[in-house]
There are 2 protein chains.
Amino acid sequence: MSSLRSLDENLISHIPPFRKLERVDIREILDAATPKRFSAGQAIFEEHEPAERFFLLLDGHVRVIRTTASGDQVIARHIVSGELMGIASAIGRTTYPASAVAIDDCLVLFWPTSLWKTFVEKYDGFATETYKTVGERISEANNHILELATQQVEQRVARALLRLAIQSSRITDEGMEIDFPLTRQNISEMTGTTLYTVSRLLSAWEKQGIVNSGRKKVIVTEMNKLKTLADLDPMADS
Amino acid sequence: MSSLRSLDENLISHIPPFRKLERVDIREILDAATPKRFSAGQAIFEEHEPAERFFLLLDGHVRVIRTTASGDQVIARHIVSGELMGIASAIGRTTYPASAVAIDDCLVLFWPTSLWKTFVEKYDGFATETYKTVGERISEANNHILELATQQVEQRVARALLRLAIQSSRITDEGMEIDFPLTRQNISEMTGTTLYTVSRLLSAWEKQGIVNSGRKKVIVTEMNKLKTLADLDPMADS
DNA sequence: CGTCGTGTTGACTGCCATCAAAAGTAGTGG
DNA sequence: CCACTACTTTTGATGGCAGTCAACACGACG
């Protein structure tokens with residue numbers, strides 16, 4: 001609708017960090033933003049790179065990835081539309097702590113990191129809201145640690161799917177379908193296991209009618225049963 | 001030396017978040033602080049409790065613990081003298097995300113959470129420095145996730161000991177002795193394993209002359225060998 | 001129709017959790 | 001000073017969860 005030179009204010013006016021701002025402020029923020037498209041598979045930023053920009057994902061899905069010295073990959077989180085990313089500057093970092101890769105075609109806005117300070121000082125509520133986001137991500141990370149340290153693979157995979165279904169799925173007549181391509185390998189990288197084990201679990205769950213999965217696709221048909229697996233499962237005699 | 005009513009300014013003047021402040025400011029901050037002692041084993045604050053205070057550890061060691069629904073405990077981190085803790089307010093939380101327990105006798109200062117905002121606004125550099133701390137803790141958490149997801153128990157335990165030795169040890173003629181009581185169970189809770197496995201590892205390492213351990217005590221005698229175990233260990237034929 | 005990425009399954013292995021029992025170490029109070 | 005208790009540590013025996021390797025099936029896409 002609007003040209004690249006003049007982004008529509010409604011694009012971001014409802015998104016938490018900007019929600020409390022006046023139209024004028026939003027106008028200013030948008031005028032300072034650069035929009036950019038990324039196609040599926042493209043890297044938006046890379047780990048260890050100087051954090052010269054911070055981003056807002058307007059459309060699409062992004063995977064946040066860390067890689068070990070030995071080449072193993074771990075998926076730290078998924079970013080969905082409306083979330084900020086690459087906000088290393090917020091926490092005094094000068095490089096990105098992880099890589100971000102577009103899962104499907106994405107539309108993002110970005111700003112130079114130098115503007116972060118301005119945003120925080122000038123726009124009331126921006127700081128508070130983004131630090132709340134940071135806080136939530138810390139909680140997520142800590143929960144992840146707790147899971148990895150104390151739970152079995154089955155529970156971890158169940159939880160990962162639950163989170164994805166809640167965070168980013170569309171409802172079909174079959175159930176909740178995770179709305180971006182997701183392979184067994186991806187799931188294994190989210191849960192610290194192998195693609196083989198994930199495949200076996202999904203096969204088993206498919207037989208029990210809990211999920212319905214295919215190539216790069218997972219539909220959760222029975223949330224409740226999946227929740228049972230995710231919690232202190234009383235270990236059904238399956 | 002100084003009475004409780006008038007804390008010495010040198011107590012905190014060298015600590016990062018306060019380092020850049022004027023003496024007057026430090027005076028103000030100290031006058032608003034309440035000092036308190038905790039004896040070994042006492043809880044300083046508990047998970048889920050409303051975060052009414054934030055703390056500065058002046059002396060002693062503190063363990064930050066999270067507990068699962070099923071009763072498993074995980075040690076998230078250790079706090080050493082000079083660190084802030086319970087800074088949930090910094091990241092928009094209203095409750096503590098974990099419990100803090102005094103490992104040995106501790107001396108802390110605390111302030112009501114309501115002062116956080118004042119500190120951030122009034123004292124230049126305080127915000128920047130503390131957010132840097134937050135950033136470091138996020139990195140730690142993410143590294144921990146990476147380890148749990150990709151490494152074997154042996155490497156994780158080696159890394160945990162390395163970190164402790166670097167972060168909080170005194171040098172003796174035997175080597176680097178971790179300077180607070182630490183049991184096999186504690187180590188297992190840091191690394192997502194069992195006390196039995198930790199015991200076996202330490203026994204093996206003792207035979208190889210890498211560590212020297214006893215009841216609630218660990219001395220690292222060969223940092224380099226431990227580092228080898230912590231990294232991509234090329235799997236010696238031990 | 002061939003190729004490549006993805007998914008499935010079986011067979012095997014091994015790391016590490018679990019259980020059990022005994023030995024070592026502080027700290028206590030008689 | 002010693003016996004007693006509680007906690008911590010060690011070590012062996014056993015079993016199972018899940019990783020690894022290999023082979024094949026399936027589906028998408030040019």
Side-chain angles (χ1 to χ4, degrees), chain A residues 39-41 68 70-74 101 103-104 147-158 160-161 178 180-208 211-219 229 233 235-238, chain B residues 39-41 68 70-74 103-104 147-158 160-161 178 180-208 211-219 229 233 235 237-238:
Chain A
S39 46
T68 65
S70 43
D72 300 289
Q73 279 198 353
V74 167
V101 177
I103 299 178
D104 39 27
E147 285 183 20
L148 286 166
T150 66
Q151 304 191 314
Q152 307 268 92
V153 167
E154 183 173 42
Q155 296 177 51
R156 301 207 303 266
V157 173
L161 286 186
I178 290 161
F180 57 85
L182 184 71
T183 66
R184 310 292 186 259
Q185 168 118 24
N186 291 330
I187 298 175
S188 74
E189 287 169 354
M190 296 177 65
T191 52
T193 178
T194 62
L195 73 103
Y196 307 106
T197 299
V198 172
S199 177
R200 282 182 232 276
L201 285 172
L202 288 183
S203 295
W205 292 346
E206 188 120 25
K207 280 183 191 126
Q208 299 175 251
V211 301
N212 199 331
S213 72
R215 190 189 171 82
K216 294 191 181 184
K217 184 186 67 158
V218 179
I219 305 172
L229 291 172
D233 54 344
M235 209 72 267
D237 60 310
S238 64
Chain B
S39 47
T68 65
S70 42
D72 301 288
Q73 278 197 354
V74 168
I103 299 178
D104 38 26
E147 284 182 21
L148 285 167
T150 66
Q151 303 191 315
Q152 307 270 92
V153 168
E154 182 173 43
Q155 296 177 52
R156 301 206 304 265
V157 173
L161 286 187
I178 290 161
F180 57 85
L182 182 71
T183 67
R184 309 292 185 259
Q185 167 118 25
N186 291 330
I187 298 175
S188 73
E189 286 169 354
M190 296 177 65
T191 51
T193 179
T194 64
L195 74 105
Y196 308 107
T197 300
V198 173
S199 176
R200 282 182 231 275
L201 286 172
L202 288 183
S203 294
W205 293 346
E206 189 119 26
K207 279 181 193 129
Q208 300 175 253
V211 300
N212 198 331
S213 72
R215 190 188 170 88
K216 293 192 180 185
K217 186 186 64 156
V218 179
I219 305 172
L229 290 173
D233 54 347
M235 207 75 264
D237 60 312
S238 65

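Quick note on labels: first sequence line is chain A, next is B, and so on, each numbered from 1.
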Visitor: To the nearest 0.5 Å, how far apart are CG in B:Asp104 and CZ in B:Phe180?
Guide: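 Atom-to-atom, B:Asp104:CG and B:Phe180:CZ are 8.5 Å apart.
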Visitor: Whether the side chain of A:Glu206 engages the backbone of A:Ser213 through a donor-acceptor N/O pair (distance < 3.5 Å, no angle test) should be reported.
Guide: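 Side chain of A:Glu206 to backbone of A:Ser213: a pair is present.
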Visitor: Distance from A:Leu202 atom CG to A:Thr197 atom OG1, nearest 0.5 Å?
Guide: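 A:Leu202 atom CG to A:Thr197 atom OG1 measures 11.0 Å (nearest 0.5 Å).
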Visitor: So, taking the atom named CG in B:Leu182 and the one named CD1 in B:Ile178, what distance separates them when rounded to the nearest 0.5 Å?
Guide: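 Taking CG in B:Leu182 and CD1 in B:Ile178, the distance rounds to 5.5 Å.
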Visitor: Sub-3.5 Å donor-acceptor pair from the side chain of A:Ser199 to the main-chain atoms of A:Leu195, do we have one?
Guide: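 It does not hold such a pair.
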Visitor: Counting N and O atoms only, with roles assigned by atom type, does the side chain of A:Arg156 sit under 3.5 Å from a partner on the main chain of A:Thr191, one being a donor and the other an acceptor?
Guide: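 Here the side-chain-to-backbone pair exists.
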Visitor: State, with a plain yes or no, whether a side-chain heavy atom of B:Val198 is found less than 4.5 Å away from one of B:Val153.
Guide: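 No, their side chains stay 4.5 Å or more apart.
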Visitor: For A:Arg215, report the nucleic acid contact type (base, sugar-phosphate, nothing); a contact means any heavy atom under 4.0 Å.
Guide: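 Base contact.
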Visitor: Working to the nearest 0.5 Å, report the span between CD1 of B:Ile103 and CG of B:Asn186.
Guide: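 Those atoms lie 7.5 Å apart.
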Visitor: Go through DNA chain C in 5' to 3' direction and return only the first and the last nucleotide with some atom under 4.0 Å of chain A's heavy atoms.
Guide: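 Here the contact window of chain A covers C:dG5 to C:dA11.
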Visitor: Give one of base, sugar-phosphate or nothing for B:Ser199, where a contact means two heavy atoms less than 4.0 Å apart.
Guide: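 If one applies the 4.0 Å heavy-atom cut-off, B:Ser199 turns out to touch a base.
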Visitor: Side chains of A:Val74 and A:Glu189: closer than 4.5 Å at any heavy-atom pair?
Guide: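 A:Val74 vs A:Glu189: side chains apart.
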Visitor: More 5' along DNA chain C: A:Glu206 or B:Thr197, using each one's nearest nucleotide?
Guide: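 Closer to the 5' end of DNA chain C: A:Glu206.
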Visitor: How sharply is the helix from C:dC1-D:dG30 to C:dG30-D:dC1 bent, taking the axes over five pairs at either end and rounding to 10 degrees?
Guide: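 The end-segment axes of the helix from C:dC1-D:dG30 to C:dG30-D:dC1 are tilted 30° relative to each other.
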Visitor: Which value, rounded to the nearest 0.5 Å, describes the distance between B:Glu147 atom CD and A:Thr68 atom OG1?
Guide: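 Nearest 0.5 Å value for the CD-OG1 distance: 11.0 Å.
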Visitor: Does anyone know the first and last nucleotide of DNA chain D in reach of chain A, 5' to 3', at under 4.0 angstrom to a heavy atom?
Guide: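 Reading along DNA chain D, I get D:dC17 to D:dA28.
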Visitor: Identify, between B:Leu182 and B:Arg200, the residue whose nearest nucleotide on DNA chain D lies closer to the 5' end.
Guide: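 Between the two, 5'-proximity favours B:Leu182.
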Visitor: How would you label the contact of B:Thr183 with the nucleic acid (heavy atoms, under 4.0 Å): base, sugar-phosphate, or nothing?
Guide: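 Sugar-phosphate contact only - B:Thr183 comes under 4.0 Å of backbone atoms but never of a base.
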Visitor: Please round to the nearest 0.5 Å and tell me the distance separating atom CH2 of B:Trp205 and atom CD of B:Glu154.
Guide: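 One gets 5.5 Å once the value is rounded to the nearest 0.5 Å.
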